[in-house]
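Data block below; observations after.
Proteins come first, then strands; the chains are lettered A, B, ... in the order of their sequence lines, and each starts at number 1. All values below were derived from every heavy atom in this structure, side-chain atoms included, with hydrogens, water molecules and symmetry-related copies excluded.
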Protein chains: 2
Amino acid sequence: MAPSNAQGLRSTGLKVTQPRLRILEIFQKSAQRHMTAEDVYRVLLEEQQDIGLATVYRVLTQFEQAGIVRRSNFESGKSVFEINEGKHHDHLVCLDCGRVVEFYDAEIERRQKKIAHEHGFELQEHSLALYATCADKQSCPHFNKGEAPAAERAAHRE
Amino acid sequence: MAPSNAQGLRSTGLKVTQPRLRILEIFQKSAQRHMTAEDVYRVLLEEQQDIGLATVYRVLTQFEQAGIVRRSNFESGKSVFEINEGKHHDHLVCLDCGRVVEFYDAEIERRQKKIAHEHGFELQEHSLALYATCADKQSCPHFNKGEAPAAERAAHRE
DNA sequence: GTATATGCAAAACTTTTGCATCCTT
DNA sequence: AAGGATGCAAAAGTTTTGCATATAC
């Protein structure tokens, strides 16, 4: 999964265009694995690429459908995209600095499936996000300056 | 929690107004525990109450802050509200009919807290939603006609 | 050359806000 | 009477769409 080049893109049936290649590259080169459409667009602007925000959304949506990226929603109100490495995981989001940690817990996965079955359902997918604060504030240096803290939007409602 | 009357409302420090009483009543009388702001507004319209959508949003937000309702986001892009009975639970959403089942799993809760700790965080909250289809379609009679299937928005992107 | 993709602007949707007026206390 | 609450309309924020033009195969 996650084609890293023109061949990979082609194999998904998508034409190999500049916008698609550039967006893929941004995900590969960025320090942040998790980016909103705005985040990607901002990088493109800095690079003086003439790529519109609408194209970013279109490309990300197509990439999602092709299995190249995954979309999450957290509580920010915005969609967050990341390259799909094929390994399923859930997210832990730092409310102090927005940092996103990925984790996988087999037991949680197992119980989710079991719970669905017990209620007469067939589990298709799930979305799990943990929201936490740094136990040791020193270790949470508001690291992802590009990514606004997840606490931001909740604060708006206060 | 979840004051069911004027006294209860007063105790939260909120003034007892018609819109607040009516909205509370709608949650108490409705067959659906889970409703969007639009859902509530639609009921008000049917009752010819002159209550604006903005007020519905304001009241629901205040109720959330007062602990009277809880807000969830699922994948629909809209906020879903329910009366806060005080018992924490997560949600299982039927992709066929939109039905929402509540569940609680102590082991999942435990592991979430453990995972956060292992990464140096203090868990504050979490959001877990399971998306599933009915194993036996007969038992899923598109029950919540008022509530559009959760699959709807995803379909929009296709 | 044809079908697709893109850019731009405008629209769609959910949610919030400004402000004059109304209602609780 | 005074402060908070509401309605309406307008704004904000994110995401989608229509359409003429540009690009990939």
Quiz prompt | For atom CD1 of A/I51 and atom C1' of C/dC8, their distance in whole Å | solution = 14 Å
Practice problem: Tell me which nucleotide among D/dT6, D/dT16, C/dT6 gets nearest to the side chain of B/V59. | Solution: D/dT6
Quiz item: Can we call the ring centroids of B/H117 and B/H119 under 6.0 Å apart?
Solution: no
Quiz item: For the rings on B/H88 and B/H126, is their centre-to-centre separation under 6.0 Å?
Solution: yes
Self-check item: Spacing of B/D50 atom CG relative to C/dT21 atom P, expressed in whole Å
Solution: 18 Å
Quiz item: What is the distance from CG of A/L45 to P of C/dC8, rounded to the nearest Å?
Solution: 10 Å
Quiz item: B/Q49 has an atom CD; how far is it from atom P of D/dT6, in whole Å?
Solution: 13 Å
Exercise. Please tell me which of A/G52 and B/A54 maps to the more 5' nucleotide of DNA chain C, matching each residue to the nucleotide holding its nearest heavy atom.
Key: A/G52
Quiz item: Looking at B/L24, B/L60, B/I23, B/V59, which hits side-chain contact (heavy atoms from CB on, under 4.5 Å) with B/I68?
Solution: B/L24
Quiz prompt | side-chain N/O B/T55 vs D/dG7 OP1/OP2, d < 4.0 Å | solution = yes
Quiz item: In whole angstrom, what separates A/E64's CD from D/dT15's P?
Solution: 11 Å
Self-check item: Side-chain ion pair, B/E82 and B/R33, N-O less than 4.0 Å
Solution: yes
Self-check item: B/R42 and B/E46 ion-paired at < 4.0 Å
Solution: no
Exercise. Provide, to the nearest angstrom, the distance between the CD atom belonging to A/Q48 and the P atom belonging to C/dG7.
Key: 15 Å
Quiz item: Touch check for A/R58, heavy atoms < 4.0 angstrom, all strands: base, sugar-phosphate only, or nothing?
Solution: base
Quiz item: So, is B/R10 near the phosphate of C/dT24, with a side-chain N or O under 4.0 Å from OP1 or OP2?
Solution: no
Quiz item: Which nucleotide sits closest to the side chain of A/K78: C/dT16, D/dT16, D/dT15?
Solution: D/dT15
Quiz item: Can you find a side chain N or O atom of A/T17 that sits less than 4.0 Å from OP1 or OP2 on C/dT4?
Solution: no
Quiz prompt | OP1 or OP2 of C/dT14 under 4.0 Å from side-chain N/O of B/S79 | solution = no
Practice problem: Please tell me which of the listed nucleotides, C/dT25, C/dT14, D/dA5, lies nearest to the side chain of B/R20? | Solution: D/dA5
Self-check item: Side chain of A/Y57 (C-beta onward), nearest among D/dT6, C/dT6, D/dT15
Solution: D/dT15
Practice problem: In whole angstrom, give the distance that lies between atom CG of A/L21 and atom P of D/dT23. | Solution: 15 Å
Practice problem: Select from B/K15 and B/L53 the residue whose nearest nucleotide in DNA chain D is closer to the 5' end of that strand. | Solution: B/K15
Quiz prompt | First encountered from the 5' end of DNA chain C, between B/A37 and B/L14 | solution = B/A37
Quiz item: In whole angstrom, what separates A/L9's CG from D/dT23's P?
Solution: 18 Å
